[in-house]
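Notes follow the structure.
Predicted model only: the values in this text are computed from it and were never measured. Any value given below was found using the heavy atoms of this structure, including those in side chains, with hydrogens, waters and symmetry copies removed. Order of the sequence lines fixes the chain letters, A, B, ..., with proteins taken first and strands second; residue numbering starts at 1 for each chain.
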Number of protein chains: 2
Amino acid sequence: MMGKLTREAVVERALEIGDAEGLQAVTIRRLAQELGVTPMALYWHFKNKEQLVVGMADHLIEGFEITPDGSRPWREQLRELVGRLVRMLRRHPCAEAVLEEVDKMEVPAFLRVWDTALGLTLRAGFGARESCLITRYILQGAIALAGGSVEHRRCGPEGHAEHVRLKRVRFQSLPPDTYPNIVRMAVPLTERGDAELYDTFGVDLLLSGIESMAARLDG
Amino acid sequence: MMGKLTREAVVERALEIGDAEGLQAVTIRRLAQELGVTPMALYWHFKNKEQLVVGMADHLIEGFEITPDGSRPWREQLRELVGRLVRMLRRHPCAEAVLEEVDKMEVPAFLRVWDTALGLTLRAGFGARESCLITRYILQGAIALAGGSVEHRRCGPEGHAEHVRLKRVRFQSLPPDTYPNIVRMAVPLTERGDAELYDTFGVDLLLSGIESMAARLDG
DNA sequence: ACCTGAACACCGTTCAAGT
DNA sequence: ACCTGAACACCGTTCAAGT
């Protein structure tokens, strides 16, 4: 057809489908059909479906351009790293699912982020085992937190609004004596467009845990 | 066969398979076969596979027995809640996958936990929107953190040890100039048996973030 | 109420073959 | 090197039918 079937083109198409309809809609056969090609053609470029998802993850994280800088404070750099992760996760509705499904050890770009985060926490004065736990905490935490702020854009913005309304109604019609807070807070629970809160309060929340643990080290 | 095919029996068998071989091994057909029954028999007890996974999630969280107690400090109660979540997640290797796949709104036991957490953060003085974000952060964070401390027990403890060794070798054989910290920390990165660190330092990490944000409210 | 049998529409993947 | 065709073993699910 038009142009060549390249690895990158496949991955980008997969991300489009995933962002629009959820990762479960990304299927070898569906992907092949949309690319005007036979399903088996994809097996030339990817060993199997798992490697395709690895490719998607790598494409999402690639280009974060983290430059470890010994002169800047570690908090600042860690915050920047987390901020980029969070923003990417909100741009791509399927990113959370991709990063959960994938074996992160197979994703070069993720390993780079991880390595940078490790370097920063070690510099903060944490021990080896604590640093491992902290980096896992912060990366997974960022994914979980930012992922929660995203609804799959199944059918454009109007479908999204409808989806929110439906969810709210379901919360409100729960038995109020067993779920008093959820029923009462149905509105704020379903408000998600609120990107600002995630970028400030959310990232603060993630990092302040680490910072207060670091303060205990110094004290 | 022996005994009746009950909803609970199906869910428990599904959890056994999931813990032993991973959630992707939990299949309607496989489950039916192990229960000595036709695949379609399961559709009498569950509307579809999604509802089966909901049942698994509910069974995992059920019986947490969270009793909101106005006289105890919120930090303490929140810590207890998170501790129970973390311990359950380590007992059940497939719990993380189950809780990620499922729509948590459909899981009554999870809604109870969520409601309790909401009540506690509201009592701590956070606003409605902040409380929603914090409870999402702490529940998702606990899942992510504890889930990371678990390897699927594919083939007993000896297979597990072999799996860890293999992972370590893969870390060590990465290019050291692009992943210096990961290569250097290959050993602590792959040590996971270390339950104690997760139960103490890990939970501290999660909660100290919230506590320091709460301190800013008072200050 | 509880379960079976046969069928449908979908998967991922292999393997030999084409150009 | 890059793609196709046919086939295999597996899914979840429906629907009519049995007891």
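- Contact check of residues 39-48 of chain A against DNA chain D (heavy atom, cut-off under 4.0 Å) returns M40(A), A41(A), W44(A), H45(A).
- A salt bridge does not link D19(B) with R91(B): every distance from a Lys NZ or Arg NE/NH1/NH2 to an Asp or Glu carboxylate oxygen is 4.0 Å or more.
- First and last contacts of DNA chain D with chain B, using any nucleotide atom under 4.0 Å from a protein heavy atom and ordered 5' to 3', fall at dC11(D) to dT14(D).
- Contacts of L133(B) classified as side-chain contact (heavy atoms from CB on, under 4.5 Å), with partners at least two apart in sequence or in another chain: L145(A), L197(A), Y198(A), F201(A), L205(A).
- H45(B) meets the side-chain hydrogen bond (donor to acceptor under 3.5 Å, both in side chains) test with no other residue; sequence neighbours excluded.
- By the salt bridge (Lys or Arg N to Asp or Glu O under 4.0 Å) test, E80(A) pairs with R72(A), R84(A), sequence neighbours left out.
- Every stem involving DNA chain C, taken as at least 3 paired positions in a row under the Watson-Crick or G-U wobble test at 3.5 Å, is listed here: C:4-8 with D:12-16, C:12-16 with D:4-8.
- The salt bridge (Lys or Arg N to Asp or Glu O under 4.0 Å) test applied to R87(A) returns no partner, not counting sequence neighbours.
- In this structure, T67(A) has no side-chain contact (heavy atoms from CB on, under 4.5 Å) partners at least two apart in sequence or on a different chain.
- Judged as a side-chain contact (heavy atoms from CB on, under 4.5 Å), and not counting sequence neighbours, the contacts of E34(A) are R13(A), I17(A), R30(A).
- For P108(A), the side-chain contact (heavy atoms from CB on, under 4.5 Å) criterion is met by D58(A), Y179(B), not counting sequence neighbours.
- Judged as a side-chain hydrogen bond (donor to acceptor under 3.5 Å, both in side chains), and not counting sequence neighbours, D177(B) has no contacts.
- For residues 100-112 of chain A, the pairs satisfying side-chain hydrogen bond (donor to acceptor under 3.5 Å, both in side chains) are Q51(A)-E106(A), E106(A)-R170(B), with sequence neighbours left out.
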